[in-house]
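Note sheet for the following structure.
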There are 2 protein chains.
Amino acid sequence: MADGITDRVRPRDRILETAQDMFHKHGIKGVGVDAITEAAGTNKMTLYRHFESKDELIVQCLRASAAKGAAIWDEFEAEHPGDKLAQLHAWVRKVAEMLAADGRGCDMANAAVELTEPDHPARSVIKELKGAQRDRLVALCRDAGIGQAELLADTLSLLFEGARVSVQTMGCQGPSTQFVRMAEGLISSFRAR
Amino acid sequence: MADGITDRVRPRDRILETAQDMFHKHGIKGVGVDAITEAAGTNKMTLYRHFESKDELIVQCLRASAAKGAAIWDEFEAEHPGDKLAQLHAWVRKVAEMLAADGRGCDMANAAVELTEPDHPARSVIKELKGAQRDRLVALCRDAGIGQAELLADTLSLLFEGARVSVQTMGCQGPSTQFVRMAEGLISSFRAR
DNA sequence: CTAGGGTGTTACCGGTCTGTAACTATCCTG
DNA sequence: CAGGATAGTTACAGACCGGTAACACCCTAG
């Protein structure tokens, strides 16, 4: 059958994309390499020609996932060029959208929960990528002219992270529905100082 | 060898205690029943005489873990009888302690991340237990005389949940160190209304 | 046309997983 | 002391896991 996708996209990219999706939906330890390759329309040997191990594949998936997240931030800049406060509000709206649409949390946070070995190669990558996310939010808050930018950014970060977990434990009708109110309240409260 | 613990405590309780500890440290899918029984000083057959399956053991561990959490709340009541506001502040302090001392998150949240099958027996239990936790925090906020008690309780819940995840992704030196400042700021801000 | 790199196929290795069977040893109670 | 419940031991079944070997194929570059 002429798949179209299977034909044109290179196996490596298909594997990476499929693995991201399956890890996200079913968890890392809940998906075997066989299942990934089959869903990607290829086979195990090809996977191991492009990734030296499952752990390496996991790391690449996390990097790809973080890159997609970073791309969204670029959209904010494109939609509200120079207006950092508007970008911050856009971030809040976007987060609320994600909470309602996706019942699973952040890939990096989920990976951190699943991969408990202290020296797992993914752990340092998660720390690095999460640090970059935080730095970006801090910079946005600061450039929006907010005093105590670090504290606001960290508060919003924890709120966000908590909401994504809450969706998984209590469903999308739980406390996470109040995220926008909480975040907007915090922002205006910090701006008032 | 005369173990003392192995001798006096019944196998079922040893298994439950050990499983809780190991699930917490290494994740549910990261621990096999063999490892649990060996660490508990017993064997697999005995485990399966007391628990019909690993899933059932998981559920019982979650209930036990939640019960321990509930016991802490009773301590607050004992330490500050009738003074709900003091109990709320005690909760904040206790949470901060946990964040600094334990690098792993909430057992229920972690389980929700790991057990992705929508009809896994643990999922409904997690929802139930998390709902009870939330209800208790809401009641505490309301009884402390705070208007918008639900909103404050949900905000604190998400902050707490987020902080426990953050410890796993960024370490205990990350944003979670600001938890007390955030929580206290929120409480006084809500009380001022 | 040909050589070679990327890909697919099949089979396999050794290990681990949950769960069970059959039997034995122990201990408490009546 | 007798008997029954509880616990321990060994072995095993059947499935799945990550990872590899060997070989056939096809497509494109030279």
Side-chain angles (χ1 to χ4, degrees), chain A residues 1-20 22-23 25-62 111 114-117 119-123, chain B residues 1-20 22-23 25-62 111 114-117 119-123:
Chain A
M1 57 186 128
D3 196 317
I5 293 176
T6 309
D7 291 353
R8 306 192 113 77
V9 183
R10 290 179 103 61
R12 185 183 191 280
D13 297 328
R14 268 151 43 203
I15 291 170
L16 204 53
E17 200 70 24
T18 307
Q20 256 184 271
M22 295 182 77
F23 286 154
K25 284 183 187 150
H26 311 298
I28 290 173
K29 298 205 177 169
V31 177
V33 291
D34 274 316
I36 294 170
T37 55
E38 191 190 330
T42 177
N43 56 74
K44 203 156 46 166
M45 271 315 302
T46 300
L47 186 151
Y48 280 103
R49 285 187 193 111
H50 290 287
F51 305 92
E52 72 172 5
S53 66
K54 185 185 181 183
D55 283 348
E56 176 62 22
L57 175 62
I58 292 168
V59 167
Q60 296 305 326
C61 282
L62 291 176
E114 286 201 82
L115 310 174
T116 61
E117 304 121 277
D119 55 350
H120 192 288
R123 295 206 71 85
Chain B
M1 56 186 132
D3 197 317
I5 293 177
T6 308
D7 290 354
R8 304 190 117 76
V9 183
R10 288 180 112 54
R12 185 183 191 281
D13 298 327
R14 268 151 45 205
I15 291 170
L16 204 52
E17 201 69 25
T18 308
Q20 255 184 274
M22 295 183 76
F23 286 156
K25 283 183 187 150
H26 310 297
I28 292 173
K29 299 205 176 169
V31 178
V33 291
D34 274 316
I36 294 171
T37 54
E38 192 191 330
T42 177
N43 56 74
K44 202 155 48 166
M45 272 316 301
T46 301
L47 186 151
Y48 280 104
R49 283 190 194 107
H50 290 286
F51 305 92
E52 72 172 5
S53 65
K54 184 184 181 183
D55 283 347
E56 177 62 21
L57 175 62
I58 292 168
V59 167
Q60 296 305 327
C61 283
L62 291 176
E114 286 201 82
L115 310 174
T116 62
E117 303 121 276
D119 56 350
H120 192 288
R123 296 206 70 84

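Lettering of chains follows the sequences in order, A, B, ..., and the numbering in each one begins at 1. Worth saying up front: this structure is predicted, and the values here are computed from it rather than measured.
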Considering only heavy atoms from C-beta outward, does the side chain of [X] approach that of [Y] to under 4.5 Å?
X: F51(B); Y: V59(B); value: no
X: L62(B); Y: F23(B); value: no
X: K44(B); Y: D34(B); value: yes
X: T37(B); Y: T18(B); value: no
X: T46(A); Y: H50(A); value: yes

How many Å lie between [atom1] on [X] and [atom2] on [N], as a whole number?
X: M45(A); N: dC13(C); atom1: CE; atom2: P; answer: 17 Å
X: D13(B); N: dT6(D); atom1: CG; atom2: C1'; answer: 14 Å
X: D34(B); N: dA13(D); atom1: CG; atom2: P; answer: 17 Å
X: D55(B); N: dC17(C); atom1: CG; atom2: P; answer: 16 Å
X: L47(A); N: dT7(C); atom1: CG; atom2: P; answer: 12 Å
X: Y48(A); N: dA22(D); atom1: OH; atom2: C1'; answer: 18 Å
X: K54(B); N: dC17(C); atom1: NZ; atom2: P; answer: 8 Å
X: I58(A); N: dC17(D); atom1: CD1; atom2: P; answer: 14 Å

Check: dG5(C) base within 3.5 Å donor-acceptor of R49(A) side chain:
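Such a pair does not exist between side chain and base.
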
Counting only side-chain N and O atoms of [X], is one of them less than 4.0 Å from OP1 or OP2 of [N]?
X: T42(B); N: dG8(D); result: yes
X: T46(B); N: dG8(D); result: yes
X: H50(A); N: dT7(C); result: yes

With DNA chain D as reference, determine whether R12(B) or K44(B) sits nearer its 5' end, using the nearest nucleotide of each.
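The residue closer to the strand's 5' end, by nearest nucleotide, is R12(B).
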
Find which nucleotide of DNA chain D each of N43(B) and A35(A) is nearest to by heavy atoms, and output the residue with the more 5' nucleotide.
N43(B)

